[in-house]
Every structure is written in structure tokens, then in C-alpha cells.
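Below is one structure, written out as C-alpha cells; comments come after it.
Residue indices begin at 1 and follow the sequence shown. None of these values were measured; they are calculated from a predicted model. Computed from heavy atoms alone, side chains included, the values below leave out hydrogens, waters and symmetry copies. Both ligands and their constituent atoms are indexed starting at 1 by order of listing.
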Amino acid sequence: MASTDGQKPLRALRSGPLKGTIRPPGDKSISHRSLMLGALAVGETTIDGLLEGGDILSTAAAMRSFGATVTQEKPGSWRVKGLGVGGLIEPDGVIDYGNAGTGVRLAMGLAGSHSFATTFTGDASLVKRPMGRILEPLRRMGIQAIARSEDRLPLTIKGPDVPVPIEYKLAVASAQVKSAILLAALNTPGTTTVIEPVATRDHTERMLAAFGAGISTKIGEDGAKTIALDGRIDLKPQAIAVPGDPSSAAFAIVAALIVEGSDVLVENILLNPTRIGLIDTLTEMGADLSVDNRRVVGGEEVGDIRVRSSKLRGVVVPPARAPSMIDEYPVLAIAAAFAEGETKMDGVGELRVKESDRIATMVAGLTANGVRTTEGPETLTVHGGDRVPGGGTVATALDHRIAMSFLVLGLAAENPVTIDDASPIATSFPEFREQMRTLGAAFEEAGIG
Ligand code: S3P
């Protein structure tokens, strides 16, 4: 029984009722942005509850390469001494962003409006992902970019002395593209405008306002959001409290729904309306979910989510909901495997360009575990039922969310489910195994023959 070099196979076993309380780690999107805006503020930003996953450690290392002082005071508590807007310095070496798509794309915007060259690269997953969606608006701002074919990493960008403000309508509903432009706009004279026809997560706008940037937003009659940012205004350091990541909470929530007799409390979860599409969808499916203790932490709504195992039914998830749950479709597909009838996820083409082609990896993994699916270029349908045979081995393709989703499947399937590599989980949720174990989830190290 051997595995491929460096891979850590792991098996999830059918488990008893899941019971107890967990507190998932800090939100990944907010964690990246806290370090980046901290690096541009004049003075010292403190961050509490920072996610210490691989993706965020890549951003911490990148900000150090740009000259900011980034230190961990104690687990979860960090300090960033910023350099001021336009004050980043040219890195000595290549910035290797590992698996972090959000990190590298936002950092391209951040560095892009500085008149020095930065070369970025990443792991075998990240070098396959499209970067043209970021380079296209940055090029319009006068930033030069040389990339591998189809605008893939590794790539080098170099800003002009004076970047040009643009008005840009997003062609893809992507918070990463919106944020890269806004971060570049910070060091661009004049007003840069981004028009977002479909709402995506708004953490960048909220945080820029808190740091004192010259930002304003308005919603048009057609529902489109226009964000205007005046560049070259100093940012004031902040004390940031990062709420728990709803995308990480999703694994415990779905596990509790599908493992019979479960009753779990998931504490301190971000409830930003641009992030909770999964909660709405699971509720439509008949999930017994309630949100208690709603409060505001660091300008974001937060609450505790109580979940009890439930009989689920299939639903159609509309395309308009995709941006508010884009990272949750893999685990929704696991819930759908246990739901009565079919669950159709429409308008999810973006899943094909995430850490893996998530439509393809979910179809392969579900098929290997006896669950019927139908896929289209932009759709995924899961044909659910009471019985999920399990017993399969799943290729995680360097994708943390695929890894965790199939471990969740194994907790309720009839036979154990094996993933070929658990190491990607550390990019976003290093404590996943331990936290799930405290609820009663059973995992064992596995060899793959
Ligand atoms: C993120 C935006 C999303 C999401 C990613 C985090 C962000 O990507 O999938 O995990 O923090 O801005 P897109 O905006 O490209 O859809």
C-alpha cells in the first residue's frame, strides 16, 4: 500500500451522531484583505482571528517581500506595519503564492500600480488557473504584464510611474477581479470606477471604507453596483477582528445534516449577505438550521449556526445565487447525494476554474462512491437518495474543498470514503480533522493500493 510522493491519503468512516460545538477558523477572504490593507496603511494594524492556513501564510510572506513588517504575536493575533499607499518596495525574488488564487490575484492589483516588476508563480493547480481576467483591466491601467500562454502563471507585472484610472464593467462575477482593480486604484491618481452587474462578496469595499479610503458605492435601478475609488489617499491602520469562515463552517453544517441524530453548534460565523447562499439553499432543501446570537463583529454580521440532522429534498439552485455560495457547491453536492430527488446547480461554469475543475472532480468522486450525476458545461445535477454506497477513492486534485467534501461524504456513506491526499486541507482549514473529531467524526490514515 503506497501513495504518490508527499500525498497523505485519509479515510472517513461512517460515524455516530455528531454532537457538540465548534468554532471554525477566520474567514479566508477577510484574512487576505486584512494583511494587504495593513501593508498599505500608515502605522500598525492589528488582526485577531486571522486564518493561519497555507493560503494566508502565502499572503503574509508576500507582504513581507513587498517590505511590510508582518508578525504573529500569538496564534491568531498578528500585527502589520504598513508602508503607506504607493510605498511597497520591489521584491528580491519570485513571489510563490502556492495554491492561493485569491491571494495572487489580489496581490497583482496591489503591486501592479507600483513602478517596479514583480514575478508571481504558484503550485501545479494555480499555474493552470486563468489570470487574464485580472491582467486585462490592469493592462488598461497602464500596467505591463508578460505571462505564459493564455495569461497563466508564472507571470511578471510592472507598473507605470503614473497608472491611469479606468471605468470597468466586470465581465465575470468575480470579487477577485473587482478587488484587484480597487487595490490597484489605491495608488492611481483620480477616480477608478468598477461596475458590478451581479453582486459578489463585498469585503474589499467594506474594509477600504473602514481604513479611510475615498470609496463610495451606489446601486442602480437595474441592481448593478457602481464602486468609485479616489486614489492616492492615505489609509489609517485598523484593529480587525476576523469572523469565522462560512465556507469552512459549511463542512460541519452538511456533516451534521447527513449524519443521523446529529446536533451541532457552529460558532462565530460570518453572515455577510453576499456569503450565505448555502444557508438559503439548505433551508429550501428542508434543513433544520437556526441562527442565534446575531451580532456585529468588525463591521460584519456574525452568528452561531445550530444544525440538526434532517431529511433533505432536491432543489434547483438558480444561477443568480452562485456568487453567494461559489465555494460551497462541492459540499452542497454531498448534501444533495443524501436528498430525495435531484438537485440541479445552474450557472456554475466558474466552478471549472477553481482550485480544480470542481464540476469534473465532484462528478468523478461521486461516481466512484455510487452517486449518479449529470453534468453540463455550466451545470451539475446530483441524483440523490437514501443510500449512498461510498467505498470509493477520490482524487482531490490539490483542491482543499474537494478533500473536505468527500471526507464529509464518508461520515454518512455505507462504506468508508478515501481521499488520495488530505494535505490541501491545510490551505484553508488546518484544524478540520481535529474539530470534526471532537464532534464524533471518525477518520483513519489510509494507504492507497
Ligand atoms: C474570493 C472570491 C471568489 C472565491 C474565492 C475567494 C475572494 O472567487 O471563489 O475562494 O476572497 O475574493 P471569484 O471572485 O473569482 O469567484
Side-chain angles (χ1 to χ4, degrees), residues 25-37 50-51 53-56 58-59 97-110 122 125-126 128-137 151 168 170-184 194 196-208 225 227 242-243 245-251 270 272 274-278 300 319-332 345 347-359 361 378 398-402 404-405 424-425 427-429:
D27 186 68
K28 185 151 76 70
S29 296
I30 295 181
S31 294
H32 279 302
R33 289 158 171 82
S34 303
L35 291 169
M36 290 186 188
L37 291 188
L50 187 82
L51 169 64
D55 281 10
I56 301 304
S58 293
T59 285
Y97 245 108
N99 192 250
T102 304
V104 78
R105 289 183 173 133
L106 268 53
M108 280 183 215
L110 194 79
S125 155
L126 196 55
K128 288 194 202 123
R129 299 181 65 186
M131 297 298 151
R133 55 180 62 192
I134 304 288
L135 297 183
E136 201 253 330
D151 280 336
Y168 193 81
L170 294 182
V172 200
S174 165
Q176 295 178 353
V177 177
K178 168 177 68 177
S179 302
I181 300 167
L182 293 173
L183 292 174
V194 182
E196 183 179 62
V198 180
T200 67
R201 65 192 69 196
D202 61 0
H203 310 302
T204 303
E205 298 93 296
R206 286 175 186 246
M207 213 179 270
L208 280 170
K225 182 176 178 187
I227 307 152
V242 184
D245 195 329
S247 303
S248 296
F251 300 104
L270 173 70
N272 179 308
T274 62
R275 296 288 300 281
I276 54 167
L278 179 74
E300 294 275 11
R321 202 177 288 159
S324 68
M325 56 175 293
I326 192 65
D327 295 334
E328 284 68 79
Y329 284 98
V331 79
L332 173 67
M345 304 164 216
V348 292
E350 273 295 294
L351 295 183
R352 296 209 180 268
V353 291
K354 292 295 178 187
E355 285 81 334
S356 67
D357 173 343
R358 285 183 173 159
I359 296 182
T361 41
E378 304 219 347
L398 289 176
D399 190 330
H400 53 134
R401 301 202 197 281
I402 298 299
M404 289 184 274
S405 294
I425 293 172
T427 63
S428 68
F429 196 170

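Distances from atom 3 (C) of ligand 1 to the heavy atoms of E350, K354, R133, K28 put K354 nearest. The closest non-hydrogen atom to atom 12 (O) of ligand 1, taken over R33, M325, R275, comes from R33.
Ion pair K28/D327 not flagged as a salt bridge, since none of the NZ, NE, NH1 or NH2 atoms sits closer than 4.0 Å to an Asp/Glu carboxylate oxygen. A salt bridge is defined here as a Lys NZ or Arg NE, NH1 or NH2 lying under 4.0 Å from an Asp or Glu carboxylate O, and D399 with R358 meets this definition. One finds a salt bridge joining E205 and K178 here, because a Lys/Arg side-chain nitrogen approaches an Asp/Glu carboxylate oxygen to under 4.0 Å. A salt bridge does not link R321 to E328: none of the charged nitrogens lies less than 4.0 Å from a carboxylate oxygen.
Considering backbone and side-chain atoms alike, S174 places an N or O below 3.5 Å from some N or O of ligand 1. Polar contact with ligand 1: present for A175 (N/O pair, distance under 3.5 Å).
The minimum heavy-atom distance linking S428 with L51 is given by the pair O-CD1, 3.2 Å.
Considering only non-hydrogen protein atoms, atom 6 (C) of ligand 1 sits nearest to T102 OG1, 3.1 Å. Considering only non-hydrogen protein atoms, atom 11 (O) of ligand 1 sits nearest to S29 OG, 2.7 Å.
Residue D327 places a heavy atom under 4.0 Å from ligand 1.
With a 4.0 Å heavy-atom cut-off, ligand 1 is reached by no atom of H32.
At distances below 3.5 Å, at least one donor-acceptor pair connects side-chain atoms of R33 with backbone N or O atoms of S29.
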